[in-house]
Amino acid sequence: MPPNKRKANGAKVPSSVPNVASSKEEFSFWLLKSEPESRLENGVDLKFGLEDLKKEPNQTACWDGVRNYQARNFMRSMRLGQKGFFYHSNCKVPGIAGLVKIVKESYVDHTQFDKKDPHYDPKSSQDNPKWDMVDVQFQRELKRFIPLHELKQLHLDHKKNSGPLAKLALFTSARLSVQPVRQEEFDYIVSLEDVTS
DNA sequence: GCCAACGTTGGC
DNA sequence: GCCAACGTTGGC
């Protein structure tokens, strides 16, 4: 029996809780959370929905502001060309809005040094930066918005009958803002586009 | 707006 | 290195 499992940052993982980050599995798909509705933090509006990504030059944006070690480590393992879901969080109807592609692998997140940025980190330094980001590009909208409540229902179902969404990180690590997605999870969720109720 | 879940901090 | 207190996330 190994001693306490550890996360990449050294913090302890409760051994009773299944945790996606302690897995040695390699992931090739991702889920990125962003808030599509206005919310001010230190006077800065954090609103950034899929529509906002589409309006960026090249429909590309840097994924700055991630201040969680697990999420950062997942960004560090992202590779060029990999796909991710663009998830709308903290809004009226949370859920998956579209697909993005990783177009630049992890590099230093400059916002950690900017005192005026809501995600400024006084403990980080240019010499020893703590936080990274990647660039993502809009790929496409899903044919229909896949709401969280639908995924939740499927997740509960699949836990009982061992379906593809039984271990989806969206529910097993609900608070992570950057999550890994398995191939079978990705394919299944994309296939929901064509499901009519 | 509430609050459960859970990550982080800091005293000891 | 433990763990209580605190802060944040994000669904509801």
Side-chain angles (χ1 to χ4, degrees), chain A residues 1-23 30-53 63-77 84-98 100 106 109 111-125 128-134 136 142 144-159 165-181 185 189 192:
Chain A
M1 182 94 169
N4 293 328
K5 285 188 286 183
R6 302 245 152 211
K7 280 184 243 162
N9 67 346
K12 214 190 291 177
V13 177
S15 52
S16 57
V17 180
N19 191 309
V20 82
S22 62
S23 159
W30 310 98
L31 181 145
L32 303 164
K33 294 186 186 174
S34 192
E35 304 188 25
E37 293 173 8
S38 283
R39 188 169 66 85
L40 295 184
E41 203 165 289
N42 301 341
V44 180
D45 192 352
L46 296 183
K47 173 186 186 296
F48 194 76
L50 190 59
E51 293 310 307
D52 299 300
L53 177 61
W63 210 260
D64 61 320
V66 171
R67 297 294 181 267
N68 169 285
Y69 289 107
Q70 246 182 299
R72 179 202 66 185
N73 293 343
F74 283 129
M75 285 202 295
R76 286 182 175 174
S77 58
F85 291 123
F86 194 108
Y87 177 88
H88 283 171
S89 70
N90 212 8
C91 55
K92 260 210 210 90
V93 185
I96 298 173
V100 296
S106 67
D109 176 351
T111 66
Q112 67 197 296
F113 311 121
D114 179 0
K115 289 199 167 98
K116 281 171 292 185
D117 191 279
H119 303 293
Y120 170 64
D121 183 351
K123 290 191 215 143
S124 192
S125 67
N128 191 15
K130 288 169 63 180
W131 307 110
D132 286 357
M133 60 188 184
V134 295
V136 306
L142 291 188
R144 69 179 181 95
F145 183 84
I146 315 270
L148 177 66
H149 63 75
E150 181 178 342
L151 293 167
K152 176 88 173 254
Q153 191 53 56
L154 290 163
H155 166 69
L156 293 174
D157 261 23
H158 292 192
K159 272 209 297 186
L165 301 191
K167 295 182 189 169
L168 194 67
L170 195 53
F171 305 106
T172 61
S173 305
R175 292 181 42 189
L176 254 192
S177 66
V178 176
Q179 309 188 345
V181 174
E185 294 168 336
I189 292 170
L192 294 175

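Sequence lines set the chain letters: A, B, ... in the order given, protein chains first and strands last, and positions in each chain run from 1.
Rounded to whole Å, the distance from CD on A:Gln153 to P on C:dC12 is 11 Å. Atom CD of A:Gln179 and atom P of B:dG7 are 12 Å apart (whole Å). As a whole-Å value, the separation of A:Gln70 CD from C:dT9 P is 14 Å. For the pair A:Phe171 CZ and B:dA4 C1', the interatomic distance rounds to 16 Å; values are reported in whole Å. The separation between A:Lys123 atom NZ and B:dG7 atom P is 17 Å, rounded to whole Å. The distance from atom CG of A:Asn90 to atom P of B:dA5 is 18 Å, rounded to the nearest whole Å. If you take CD of A:Glu37 and P of C:dT9, they are 16 Å apart, rounded to a whole angstrom. Rounded to whole Å, the distance from NZ on A:Lys152 to C1' on C:dG10 is 12 Å.
For A:Ser177, the side-chain atoms get nearest to C:dG10 when compared with the rest of C:dG10, B:dT8, C:dC12. Of all nucleotides listed (B:dC6, C:dG10, C:dC12), C:dG10 comes nearest to the side chain of A:Ser89.
Backbone-only contact: A:Tyr87 has heavy atoms under 4.0 Å from sugar-phosphate atoms and none from a base. A:Lys92 comes within 4.0 angstrom of no nucleic acid atom, judged by non-hydrogen atoms across all strands.
With hydrogens and angles disregarded, a donor-acceptor distance shorter than 3.5 Å links the side chain of A:Ser34 to the backbone of A:Phe48. Judged by distance alone, with hydrogens and angles left aside, the side-chain atoms of A:Arg144 form a donor-acceptor pair with the main-chain N or O of A:Leu192 at under 3.5 Å.
A salt bridge links A:Asp121 to A:Lys130: at least one charged side-chain nitrogen sits closer than 4.0 Å to a carboxylate oxygen.
Annotation: A:Trp30 is not in aromatic contact with A:Phe86 [ring centroid separation under 6.0 Å not met].
Under 4.0 angstrom from either OP1 or OP2 of B:dC6 there lies no side-chain N or O belonging to A:Tyr69. Side-chain N/O atoms of A:Lys33 include none lying less than 4.0 angstrom from OP1 or OP2 on C:dT9.
Two residues are said to be in side-chain contact when any heavy atoms from C-beta on lie closer than 4.5 Å; A:His88 and A:Phe145 meet this criterion.
The 5' end of DNA chain B is approached more closely, in terms of each residue's nearest nucleotide, by A:Ala174 than by the other of A:Ala174 and A:Lys130.
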